[in-house]
Amino acid sequence: MQTDFMSSGQSWYETGIAAPPECPALAGEHRCDVVVVGGGFTGLSAAFHLAAAGVGVVVLEERRFGAGASGRNGGQLGTGQRQWVEELEKTYGFERAKALFDLAESAKPYFMDFARTAGIDMEYRSGQMSLVHKPRLLDSYRRHVDAMRRYGYEHLHFMEHDETAARLGSKRYFGGLRDMGTGHIHPLKLVLGTARAADEAGAKLYENTRVVSIEGEEGAIRVKTAHGAVTATRALIATNGYGGALEPMSAARVLPIRSFIGATEPLAADSAILRGGEAVDDSRFVVRYFRKSADNRLLFGGSEAYGHGAADMEAPLRKQMLEIYPELENIRFTHIWGGTLGITVQRLPFVRDVRRGVTFCGGYSGHGVLLSHFFGRLYAEALSGRPDRLAVMKELKISRFPGGILRSSLLFAAMHWFALRDRF
Ligand SMILES: Cc1cc2nc3c(=O)[nH]c(=O)nc-3n(C[C@H](O)[C@H](O)[C@H](O)COP(=O)(O)OP(=O)(O)OC[C@H]3O[C@@H](n4cnc5c(N)ncnc54)[C@H](O)[C@@H]3O)c2cc1C
């Protein structure tokens with residue numbers, strides 16, 4: 001299996017996975033009920049659920065399934081929305097904040113049930129720790145446990161410094177939260193398993209097929225590719241951080257940023273690092289995230305602020321990892337890879353009918369492992385005449401990023417600024 005693209009490096013996830021048969025590229029004229037652009041969690045999940053409900057669906061993927069963020073990410077599910085409930089409540093009040101939190105939480109049982117029913121071993125392991133890199137943040141983390149109880153969430157526990165150090169195998173962080181109501185997965189296994197399930201349910205899947213334009217409205221949507229076209233009643237744009245200028249409303253609101261992960265050689269069996277098997281993220285704006293793989297490697301993810309190719313990332317990732325685990329000095333990274341995610345100003349997903357019959361679903365802002373697969377399912381559900389549970393997301397105001405064509409450069413500068421602020 002080779003999903004390597006844009007010099008982002010082959011991921012450790014690709015090793016040991018049998019290459020799935022390549023789907024054909026689209027050629028000629030086709031018709032269907034729903035055309036899905038993008039073959040990651042969002043698009044493939046929507047395709048599976050639509051096809052299973054008897055809807056005629058075509059998926060068009062520019063590269064291979066799993067070549068986008070869904071096959072290359074940190075695998076951490078997290079809890080609720082990306083924004084903490086305290087922030088949500090300040091903006092939307094308790095009722096709406098609770099609706100947003102509950103919607104995201106209902107992704108968890110869905111997720112486990114989907115994988116079980118589809119026979120996908122996504123290597124789920126429970127436990128996630130969110131750690132504090134500056135003492136002044138400790139109080140807000142402590143208070144977060146109580147805030148979450150008000151939302152009915154009982155799986156969080158505040159850890160003082162000693163417990164944090166014991167579980168982490170490092171004294172580097174000042175304290176943090178341990179969440180046993182969530183966990184982490186092997187993301188590529190989930191994407192490929194979802195593609196297989198969609199195929200078996202009757203979805204028509206195409207790879208190496210870049211969509212160049214989407215025209216028309218409900219009932220007569222025409223999606224063009226280099227060598228063909230699909231005419232459909234509806235379209236789902238599931239391109240997240242990779243969509244470029246394909247659709248202007250989402251392009252103005254979903255900003256692509258790069259993130260990178262390094263996989264070490266397997267650690268010693270008696271290593272003190274993350275003995276409980278939890279995944280970790282931290283309180284930095286430019287977040288660091290890491291966990292151990294099933295074969296005892298450290299998968300260490302970090303900064304989006306530097307470089308564009310995986311090769312540029314070895315030194316900064318290594319430096320960040322050694323700050324936490326200096327004893328890994330002589331351990332090599334065997335794989336380094338990157339991917340692109342889509343973020344929004346509000347750090348909440350952008351879900352919108354961008355025109356009649358054309359829906360965009362993305363901008364998960366680093367929280368898409370839990371949400372994107374579920375949102376694909378909710379999109380399919382609403383089309384099958386069930387209540388539109390995504391309505392609460394569609395109502396959210398998601399601002400445009402300032403800066404026009406300069407916005408990527410501005411963000412790059414801003415990320416440097418935040419990385420510096422995280423340090424000092
Ligand atoms: C390195 C990294 C680490 C991450 N870690 C985490 C994490 O630990 N936890 C978490 O919750 N989230 C994480 N994320 C984010 C998460 O992976 C995404 O939110 C999620 O996978 C989005 O899924 P998606 O299907 O919407 O988009 P993607 O998986 O990105 O899929 C979009 C697809 O659209 C295709 N496409 C784009 N344009 C076109 C076109 N014109 N024609 C046809 N196809 C097109 C792309 O090739 C791509 O395959 C991470 C992301 C990265 C990159």
Side-chain angles (χ1 to χ4, degrees), residues 3 5-6 8-9 11 13 25-26 35-47 59-79 81-82 104 107 128 182-185 187-188 190-191 194-195 206-214 223-226 236-247 250-251 254 256-262 279-281 287-291 299-304 310 313 317 336-344 349-351 360-376 379:
T3 57
F5 64 100
M6 297 195 324
S8 289
S11 83
Y13 299 128
L26 185 94
V35 58
V36 174
V37 184
F41 291 148
T42 307
L44 290 168
S45 161
V59 181
L60 305 174
E61 164 54 46
E62 180 172 359
R63 302 174 183 96
R64 302 289 316 272
F65 298 129
S70 298
R72 303 172 71 79
N73 60 59
Q76 303 198 20
L77 266 64
T79 283
Q81 301 277 354
R82 169 77 165 75
Q128 175 153 19
T182 188
H184 49 105
I185 61 158
L188 187 58
L190 180 63
V191 195
T194 309
Y206 297 93
E207 292 180 302
N208 303 309
T209 301
R210 189 167 99 84
V211 168
V212 293
S213 68
I214 304 171
V223 168
K224 283 194 198 152
T225 71
L236 172 65
I237 307 177
T239 51
N240 199 31
Y242 292 87
L246 184 63
E247 192 290 309
S250 52
V254 176
I257 61 169
R258 312 270 290 144
S259 188
F260 294 87
I261 301 177
V280 176
D281 65 0
V287 68
R288 293 174 191 180
Y289 53 96
F290 47 98
R291 66 192 181 110
L299 308 183
F300 191 92
S303 168
E304 304 96 343
M313 281 308 295
L317 277 178
I336 296 181
W337 67 95
T340 302
L341 52 143
I343 63 165
T344 65
F350 180 59
V351 183
F360 179 91
C361 199
Y364 303 102
S365 306
H367 201 65
V369 173
L370 180 64
L371 297 183
S372 55
H373 209 285
F374 185 52
F375 281 14
Y379 172 79

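Note that the structure is predicted; figures quoted are calculated from it, not measured. For ligands, and for the atoms within them, numbers begin at 1 and follow the listed sequence.
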Margin query: Quick test: of every protein heavy atom, which one is nearest to atom 52 (C) of ligand 1, and how far off is it to 0.1 Å?
Written below: Leu341 CD2, 3.7 Å
Notebook entry, point to check: Looking only at distance, does Arg72 have an N or O less than 3.5 Å from an N or O of ligand 1?
Noted result: no
Next item on the list: Would you name the heavy atoms of Leu317 and Ile261 that are closest together and state the gap between them?
Entry: CD1-C, 3.8 Å
Next item on the list: For the pair Arg291 (side chain) and Ile185 (backbone), establish whether a donor and an acceptor sit closer than 3.5 Å, ignoring hydrogens and angles.
Entry: yes
Check: In the protein, which heavy atom is nearest to atom 35 (C) of ligand 1, and how far is it?
Finding: Glu61 OE1, 3.3 Å
Next item on the list: Please determine if Glu62 has a nitrogen or oxygen closer than 3.5 Å to a nitrogen or oxygen of ligand 1.
Entry: yes
Next item on the list: Would you check if the side chain of Arg82 reaches a backbone N or O of Ser365 as a donor-acceptor pair within less than 3.5 Å?
Entry: yes
Item checked: Student check: side-chain heavy atoms of Gln128 and Asp281 closer than 4.5 Å -> yes
Notebook entry, point to check: With a 4.5 Å heavy-atom cut-off, do Thr209 and Glu61 have their side chains touching?
Noted result: no
Margin query: Any atom of ligand 1 sitting under 4.0 Å from a heavy atom of Ala238?
Written below: yes
Notebook entry, point to check: How far is atom 17 (O) of ligand 1 from its nearest protein heavy atom, and which residue and atom is that?
Noted result: Asn73 ND2, 3.1 Å
Note to self: Looking at every heavy atom in both Leu370 and Gly78, which two are closest together, and how far apart are they?
What the structure shows: CD2-O, 3.9 Å
Check: At a 4.0 Å threshold, what atoms of ligand 1 neighbour a non-hydrogen atom of His367?
Finding: 10 (C), 11 (O), 12 (N)
Item checked: Nearest protein heavy atom with distance in Å, relative to atom 24 (P) of ligand 1 -> Thr42 OG1, 3.5 Å
Margin query: Need the ligand 1 atom indices (1-based, order shown) with element for anything under 4.0 Å from a heavy-atom of Arg210.
Written below: 41 (N), 42 (N)
Next item on the list: Check whether any side-chain heavy atom of Leu371 lies under 4.5 Å from a side-chain heavy atom of Phe41, and answer yes or no.
Entry: no
Next item on the list: Run the numbers for me: atoms of ligand 1, each under 4.0 Å from some heavy atom of Gly339, listed by number.
Entry: 53 (C)
Check: Applying a 4.0 Å heavy-atom criterion (strictly less than), which segment of Tyr242 is in contact with ligand 1: side chain, backbone, both, or neither?
Finding: both
Next item on the list: Note the single closest protein heavy atom to atom 41 (N) of ligand 1, along with its residue, its atom name and the distance in Å.
Entry: Val211 O, 3.0 Å
Notebook entry, point to check: Has Thr209 got any heavy atom lying under 4.0 angstrom from an atom of ligand 1?
Noted result: yes
Next item on the list: Search all heavy atoms of Ala251 against all heavy atoms of Ala245 and return the closest pair with its distance.
Entry: CB-CA, 4.2 Å
Item checked: Under-4.0 Å heavy-atom contact with ligand 1, by part of Cys361 that carries it -> neither
Margin query: With the threshold set at under 4.0 angstrom, would you say Gly75 reaches ligand 1 through any of its heavy atoms?
Written below: yes
Next item on the list: Answer with yes or no whether Gly366 contacts ligand 1, where contact means a heavy atom under 4.0 Å from a ligand atom.
Entry: yes
Margin query: At less than 4.0 angstrom from any non-hydrogen atom of Tyr364, what atoms of ligand 1 do you find?
Written below: 19 (O), 22 (C), 26 (O)
Item checked: ligand 1 N/O within reach of Phe41 N/O, cut-off under 3.5 Å -> yes
Check: When you measure from atom 30 (O) of ligand 1 to each heavy atom in Ser213, Ser11, Ala69, Gly368, which option holds the nearest one?
Finding: Ala69
Next item on the list: Just say parallel, tilted or perpendicular for the rings of Tyr13 and Trp337, cut-offs at 30° and 60°.
Entry: perpendicular
Margin query: Contact between Thr42 and Tyr364 at the side-chain level, heavy atoms closer than 4.5 Å - yes or no?
Written below: yes
Note to self: Can you tell me which portion of Thr340 lies within the under-4.0 Å heavy-atom range of ligand 1? Options are side chain, backbone, both, or neither.
What the structure shows: backbone
Next item on the list: For atom 36 (N) of ligand 1, find the nearest protein heavy atom and state the residue, atom name and distance (0.1 Å precision).
Entry: Thr239 CG2, 3.8 Å
Note to self: Do Gln81 and Pro349 make a side-chain contact, defined as non-hydrogen atoms from C-beta onward lying under 4.5 Å apart?
What the structure shows: yes
Next item on the list: Find out whether Cys361 and Leu236 are in side-chain contact, i.e. whether some heavy atom of one side chain is under 4.5 Å from a heavy atom of the other.
Entry: yes
Next item on the list: Starting from atom 5 (N) of ligand 1, find the nearest protein heavy-atom neighbour and note its residue, name and distance.
Entry: Gly74 N, 2.9 Å
Notebook entry, point to check: Taking both backbone and side-chain atoms of Leu246, is any N or O found less than 3.5 Å from an N or O belonging to ligand 1?
Noted result: no
Notebook entry, point to check: With backbone taken as N, CA, C and O and side chain as the heavy atoms from C-beta onward, which portion of His184 lies under 4.0 Å from ligand 1: side chain, backbone, both, or neither?
Noted result: neither
Checklist line | Residue and atom name of the nearest protein heavy atom (relative to atom 29 (O) of ligand 1), distance in Å to one decimal | finding: Ser70 OG, 2.5 Å
Item checked: Nearest atoms (heavy-atom pairs only) where Leu77 meets His184 -> CD1-CA, 4.3 Å
Next item on the list: For residues Gly338 and Phe260, report the shortest heavy-atom separation together with the two atoms involved.
Entry: CA-CD2, 3.5 Å
Next item on the list: Among Leu60, Leu44, Val59, find the one that has a side chain to side chain contact (heavy atoms under 4.5 Å, CB included) with Val36.
Entry: Val59
Next item on the list: Determine whether the side chain, the backbone, both or neither of Tyr289 has a heavy atom under 4.0 Å from any heavy atom of ligand 1.
Entry: side chain
Next item on the list: Using distance alone, decide if ligand 1 has a nitrogen or oxygen within less than 3.5 Å of any nitrogen or oxygen in Arg63.
Entry: yes
Next item on the list: Go through ligand 1 atom by atom and flag the ones less than 4.0 Å from a non-hydrogen atom of Gln76.
Entry: 7 (C), 8 (O), 9 (N), 10 (C), 11 (O)
Check: Of all residues at least two apart in sequence or in a different chain, which pass the side chain to side chain donor-acceptor pair (under 3.5 Å) check with Ser70?
Finding: none
Notebook entry, point to check: Tell me, do Tyr242 and Glu62 make a side-chain contact under 4.5 Å, heavy atoms counted?
Noted result: no
Next item on the list: Using a 4.0 Å heavy-atom threshold (strictly under), name the region of Leu60 that reaches ligand 1: side chain, backbone, both or neither.
Entry: backbone
